Amino acid sequence: METFDSKTLMKKFHLFFEEYKKSDIRKAVNEGYEALLVSFFDISEYDISLGDTILTYPEDSLRLMEETLKHFYEDVQTKPLRVRLTSLPSTEKLMIRNIRSEHLGKLVMIEGLVRRKTDVRPKLKHLEYLCTNPACSYSEEKLRVPQNEDKARVLKACPKCKSGVELVNKDLVDSQNLVMEEIPEQLENSSDQPKRMNVVLQNDLVSPFKDSKTNPGSRVYVIGIVKEIPIKTTSGSDSTNFDLLIDCNFIDLTEDDYSEIKISKEEEKQIKELAAKDDVVDILVKNMAPSIYGHNRIKEAVLLQLFGGSGALKGDGIKTRGDIHILLIGDPGAAKSQLLKSASKIAPKSMFVSGKSATGTGLTASVVKDDFTRGWALEAGAIVLANGGLCAIDELDKMSDEDTSAMHEALEQQTISVAKANIRATLRCETTVLGAANPKFGRFDPYGDISKQINFPPALLSRFDLIFILRDIPDKKKDDLIADHILQTHRDKSKTVTEIKPDFLKKYIAYTKSIKPVLTLDAIEKIKEFYVSIRNVAGDGEDVKSVPITARQLEAIVRLSEAYAKMKLDKRVSVEYAQKAIDLLLYCLQKIGVDPKTGQMDIDRITSGVTASTRNLYKTVQQIIDRLETQKPEINFEDICDEAEKINIARAEVQKTLDKLKQEGIIFEPRKNIYKKLL
Ligand code: ADP
Ligand code: MG
């Protein structure tokens with residue numbers, strides 16, 4: 001092992017800097033940088049023993065390097081240059097969960113997601129004193145007291161002559177705290193809870209919330225020294241237990257691609273072969289979640305969601321999302337959670353959470369008090385941490401009100417803005433959402449408003465590209481098949497073994513991530529034709545046009561056709577894919593968007609919670625009241641019913657409509673069964 005001989009080491013570092021870093025140092029000094037980036041590999045290549053020394057005595061080595069650097073800019077007045085090590089050998093790379101006391105004082109590298117970031121606070125670094133006794137040497141040479149602990153260390157008397165001392169200088173640094181969390185796909189066992197670690201950033205490393213590099217949700221790697229801090233007992237004194245933190249030396253974003261997933265040449269060949277098959281969609285559907293019987297259209301939609309659309313940055317700088325959001329609403333026990341789990345297993349990057357969120361930080365983002373710095377901190381929720389991947393959210397109907405409102409922005413703009421306390425930030429969340437919701441009253445009522453049944457604002461509901469209803473209706477034949485399927489799979493595990501392994505599917509999806517299919521003119525024509533025709537079909541009503549689909553669904557079709565193209569490794573979206581997308585959307589709309597009274601498709605049921613025919617009814621009844629009011633001073637219930645009967649509206653409907661109008665304050669009932677219009 002290397003011993004630490006400052007003089008020799010300083011000489012070696014000096015030579016290294018002289019030879020390799022001279023121009024970098026000049027540049028850093030001239031441009032007023034506060035840090036010099038040095039690669040560990042450059043040092044150890046230059047002199048392997050220097051590398052070993054850095055690993056054995058990181059703190060002292062870094063200090064020595066910074067001292068050495070001073071010789072290079074003695075002539076200029078500038079802030080001291082810090083040394084930042086930009087790389088470390090892979091042997092020093094650790095999982096957060098594997099950091100132990102043996103690593104104390106050592107240089108390590110960890111990779112993770114930034115979960116929480118505090119605001120920047122000044123922190124005491126040194127106190128400097130002079131002795132009041134003129135005879136003592138410390139009356140001229142400053143006494144430096146380093147502050148490494150929570151509690152400030154103050155000096156009462158000179159350690160040499162015991163005379164009084166005077167505080168002459170206070171050295172503060174900017175400090176910021178991050179909480180990092182392990183990356184889910186790096187965990188060996190997908191059911192493991194990711195572990196967390198505190199990371200302290202100081203000086204030039206601190207960054208405002210504008211800086212997205214270290215904002216919550218980013219994937220970063222950190223090189224730093226492991227340190228311990230005593231955990232305070234309840235009475236405020238130090239306990240014998242310690243907490244770990246990493247004193248950061250360097251932090252940077254990791255490449256945000258799918259590099260974790262290695263695809264061999266052989267696998268690439270297999271992917272191409274599979275994609276070339278005519279029935280690739282059916283094959284994939286068959287191999288997705290084989291333990292779940294049926295739900296083939298849903299499986300197909302979820303697969304498309306995993307492939308995703310192209311997304312585009314338009315000429316005017318507006319970004320359209322390529323992510324396809326899907327919501328499953330259904331009766332309990334309809335395999336919703338199972339579908340979500342299997343989707344998150346196949347997705348190359350994914351997170352599975354429950355809307356109620358066990359962590360208390362919610363799904364989106366929140367501003368919390370940080371125990372460590374006692375300041376405010378911004379903490380990311382699952383949907384931000386899943387940036388660039390899939391977030392499967394179970395029990396979505398149970399999310400908090402704050403999350404519900406933040407979700408609007410998250411789903412469409414794919415950002416989350418936070419403005420609370422002194423924290424203002426916009427976090428990126430290019431996340432695909434697969435949600436599941438249970439109806440509020442236990443079972444789904446096909447005639448009721450969807451948005452009321454799952455306690456969701458209609459505007460939020462409209463942000464999902466596809467909404468599926470899973471109903472659990474007793475059906476002898478189907479029940480037989482499901483029961484057989486479930487019982488068989490319990491008896492014989494091999495029944496659910498598929499020819500395509502989830503791992504391969506994951507690689508297949510990752511492989512297509514770089515493909516951005518473009519619509520062909522034919523496909524555009526096809527989609528347009530469909531859009532125009534369906535918007536006209538339903539517009540028969542005289543007063544209220546029921547708008548069957550909106551521009552949102554139009555975009556959904558585009559995204560779905562792009563996803564079909566990706567599945568086929570096709571760079572062009574042909575008519576065939578557009579047709580498939582239209583079919584899928586129609587299937588889904590028929591299940592929910594169809595107005596049960598007219599049989600017509602009506603997207604208003606989703607977006608405003610009221611169907612066009614109901615709205616028509618409101619209008620008609622109001623018109624009757626208007627007409628009657630010109631004839632009589634008082635209108636009673638029977639009069640209205642008589643009029644309504646003439647145009648085939650049943651008494652029960654009239655009663656329901658009147659109650660509704662009363663609720664909304666359009667009419668009132670001064671006496672029983674007597675109605676009047678409010679103004
Ligand atoms: P939900 O989340 O919709 O309430 P779950 O996903 O928890 O329901 O499913 C409940 C159980 O019923 C699971 O064990 C699931 O395997 C089973 N189940 C329900 N529907 C099916 C189906 N179509 N095929 C196979 N198993 C099913
Ligand atoms: Mg469930």
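One-based numbering, in listed order, for ligands and for the atoms of each. Being a predicted model, the structure only gives us computed values, none of them experimental.
Between Asp394 and Lys336 there is no salt bridge, since no side-chain nitrogen of the basic residue lies less than 4.0 Å from a carboxylate oxygen of the acidic one. Between Lys269 and Glu267 there is no salt bridge, since no side-chain N of the basic residue sits under 4.0 Å from a carboxylate O of the acidic one. A salt bridge links Lys272 with Glu268; the closest basic N to acidic carboxylate O contact falls under 4.0 Å.
Considering only non-hydrogen atoms, atom 7 (O) of ligand 1 lies nearest to Ser337 out of Gly333, Ser337, Gly294. Of the candidates Ser342, Ser291, Ala335, Ala437, the one placing a heavy atom closest to atom 8 (O) of ligand 1 is Ala335.
Not one N or O of Asn438 is nearer than 3.5 Å to an N or O of ligand 1, by distance alone.
Among protein heavy atoms, atom 26 (N) of ligand 1 sits closest to Ile486 CD1, 3.3 Å. Atom 3 (O) of ligand 1 has its closest protein heavy atom at Lys336 NZ, 2.7 Å. Counting only heavy atoms of the protein, atom 15 (C) of ligand 1 lies nearest to Gln338 CG, 3.8 Å. Scanning the protein for heavy atoms near atom 24 (N) of ligand 1, the closest one is Tyr293 N, 2.7 Å.
In this model, no donor atom of one side chain and acceptor atom of the other lie less than 3.5 Å apart for Lys580 and Ser561. Of the N and O atoms on the side chains of Tyr564 and Glu300, at least one donor lies less than 3.5 Å from an acceptor on the other residue.
Side-chain atoms of Thr512 and Ser514, non-hydrogen and from C-beta on, never get closer than 4.5 Å to each other.
For the ring pair (Phe, Tyr, Trp, His ring centres under 6.0 Å) test, residues two or more places apart in sequence or in another chain that qualify with Tyr508 are Phe307. Annotation: salt bridge (Lys or Arg N to Asp or Glu O under 4.0 Å) contacts of Lys398 (sequence neighbours excluded): Glu395.
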Could you list the donor-acceptor pairs under 3.5 angstrom formed by side chains in residues 410-418, with sequence neighbours left out?
{"residue": "Glu412", "atom": "OE1", "partner": "Arg321", "partner atom": "NH2", "Å": "3.4"}
{"residue": "Glu412", "atom": "OE1", "partner": "Arg552", "partner atom": "NE", "Å": "2.9"}
{"residue": "Glu412", "atom": "OE1", "partner": "Arg552", "partner atom": "NH2", "Å": "3.4"}
{"residue": "Glu412", "atom": "OE2", "partner": "Arg321", "partner atom": "NE", "Å": "3.4"}
{"residue": "Gln414", "atom": "NE2", "partner": "Asp323", "partner atom": "OD2", "Å": "3.0"}
{"residue": "Thr415", "atom": "OG1", "partner": "Glu409", "partner atom": "OE2", "Å": "2.8"}
{"residue": "Ser417", "atom": "OG", "partner": "Glu409", "partner atom": "OE2", "Å": "2.8"}

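A salt bridge (Lys or Arg N to Asp or Glu O under 4.0 Å) with Glu182 holds for exactly one of Arg115, Lys195, Arg97, Arg196; it is Arg97.
With ligand atoms numbered from 1 in the order given, ligand 1 contributes 4 (O) to contacts under 4.0 Å with heavy atoms of Pro332.
Atoms of the protein (N, O or S only) found under 2.8 Å from the Mg ion (ligand 2) are Ser337 OG.
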Assess whether side chain to side chain contact (heavy atoms under 4.5 Å, CB included) is satisfied between Leu339 and Val302, documenting all intermediate values. CA-CA 9 Å; Leu339 278 164; Val302 171; 5.7 Å; no
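Not a single protein heavy atom sits closer than 4.0 Å to atom 11 (C) of ligand 1.
For the ligand labelled ligand 1, residue Ala436 lies outside the 4.0 Å heavy-atom shell.
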